[in-house]
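Right, one structure below, let's go through it.
From a predicted model like this one, the values you see are computed outputs, not experimental measurements. So you know, we letter chains A, B, ... as the sequences are listed, proteins then strands, and number each from 1.
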Amino acid sequence: MAAQKKHKKVLVAMSGGVDSSVAALLLKKEGYDLAGATMCLGIAEDGAGEAKCCGADAVGDARRVCDAIGIPHYVLDFAAAMEEKVIGRFIAEYRRGRTPNPCVDCNACLKFGLLLDRSRAMGFDYLATGHYALLESDSRGIHMRKPADRGKDQTYFLYPIGRTALDAVLFPLGGLMKEEVRRIAAEAGLPVAGKAESQDICFVGRGNLSTFFERHGCDIHPGEIVNRSGRVLGRHRGIVYYTIGQRGGLGISHPTPLYVLEIDAAANRIVVGNKDELRSRGLTASALICLQDGWPLRAAAKIRYRKKEVPCRLEAKGDKLLVLFDEQQEAVTPGQSVVLYDGDTVVGGGIIEGAIGEH
RNA sequence: UGGGGCGUCGUCAAGCGGUAAGACACAGGAUUUUGGUUCCUGCAUUCGGAGGUUCGAAUCCUCCCGCCCCAG
């Protein structure tokens, strides 16, 4: 086995964080012919941005780790793609009154899109990342499964890899717990062992969305906040600052807490109501990506990260998929992903277009 | 300027002589590769103002200020 691996060339996507660093370390120990690559996304910008996960800092840290492990390190300039595929879409979606998930787009277009293509072009057999997910194969092919550390499960963001790319991807951390990863990093004396978890949208940077939208020349207009009856309850700062199911930030005092029910981009209005009005029977999804032979009749649907999946029925409808929950769910949000599971296995996913059977 | 009612945290609102509930909002924190949800914590030494009665008042009395309603 080890002898086989020696011949395999693997490129590890390195963000400069603990996870991808340990992923590299483990692969190196296993004997792969390894190299590290960091995507330069051109978002260091001025001092205002201060990107955490993909800035100059990241490149430096990744390089230090590669040096420590003793593997080559490449820096690939994906700034243009980042701007077009991820940031551009992020802004466009928000202006439509939807809530995009840039991490999904980044995985689809950059990490497992461009970067994977590039790695193949450079002669690598595999692309590895520090994501927490498992890949297992049986007679029917390769399946993506939830990782050992359920608390760090990142399969929600990984479904867009697509079925055909699965055999070219490695997730060395899938069987480990986060604490083990940190311990491994510390024991190996990696320079990034104590680094904090990444969070926030990497390209928005520190601080607020407002400065991000300003920098990108978006004209944001304040407007009315109304209830289902059309009564004006308050004003919003601009549609882009809200998402469905959101409670805070409305500034409206009311006998009960109010949640965002709808975002009407055309009317520049936000509709709010009580929590129970947030429920839907199902949703329609597009931009479907199936990791199996086809959509099963039943599955478990996860409609937002960190929300537990719920039993549902599936109905294919042309290039769309109907997901019908056994029990009504709150805050179905257009633009977010719905990911479908069969037990621990990821069946596939898509982008939510709208809710079905709203109140 | 006849009569009646009301003024407690940003908003709504308990309290009715015993030493300021609660809700919403807001702020901070926890959690987290999407600024959603959820959870935790904080948030009126003070009750429109000034006097008075009382051991003690937001609660009783007086006057003033400000709103609202009904009359003429």
Complementary nucleotide of [N], counting Watson-Crick and G-U pairs under 3.5 Å:
N     : value
B/C47 : none
B/A58 : none
B/C67 : B/G5
B/U31 : none
B/C12 : B/G22

Next item on the list: Flag the pair A/F212 / A/Y94 as yes when their ring centroid distance falls below 6.0 Å, and as no otherwise.
Entry: no

Considering only side-chain heavy atoms of [X], which listed nucleotide, [options], is closest?
X      : options             : result
A/K152 : B/U34, B/U32, B/G10 : B/U32
A/P257 : B/A25, B/U37, B/U34 : B/A25
A/H254 : B/U37, B/C24, B/U34 : B/C24
A/Y259 : B/U38, B/G36, B/U32 : B/U38

Note to self: Rounded to whole Å, please give me the gap between NZ in A/K275 and P in B/G36.
What the structure shows: 13 Å

Counting only side-chain N and O atoms of [X], is one of them less than 4.0 Å from OP1 or OP2 of [N]?
X      : N     : answer
A/R247 : B/U38 : yes
A/K307 : B/U38 : no
A/R304 : B/U32 : no

Reckon [X] touches a base, only the sugar-phosphate, or nothing at all at heavy-atom distances under 4.0 Å?
X      : answer
A/Q336 : base
A/G17  : nothing
A/Y156 : base
A/Q154 : base

Check: Between A/I252 and A/L158, who's closer to the 5' end of RNA chain B by nearest nucleotide?
Finding: A/I252

Can we say [X] and [Y] salt-bridge, meaning some charged N sits less than 4.0 Å from an Asp/Glu carboxylate O?
X      : Y      : result
A/R313 : A/E315 : yes
A/K152 : A/E179 : no
A/R64  : A/D61  : yes

Next item on the list: Indicate whether the side chain of A/T99 and that of A/R304 have a donor and an acceptor atom separated by less than 3.5 Å.
Entry: no

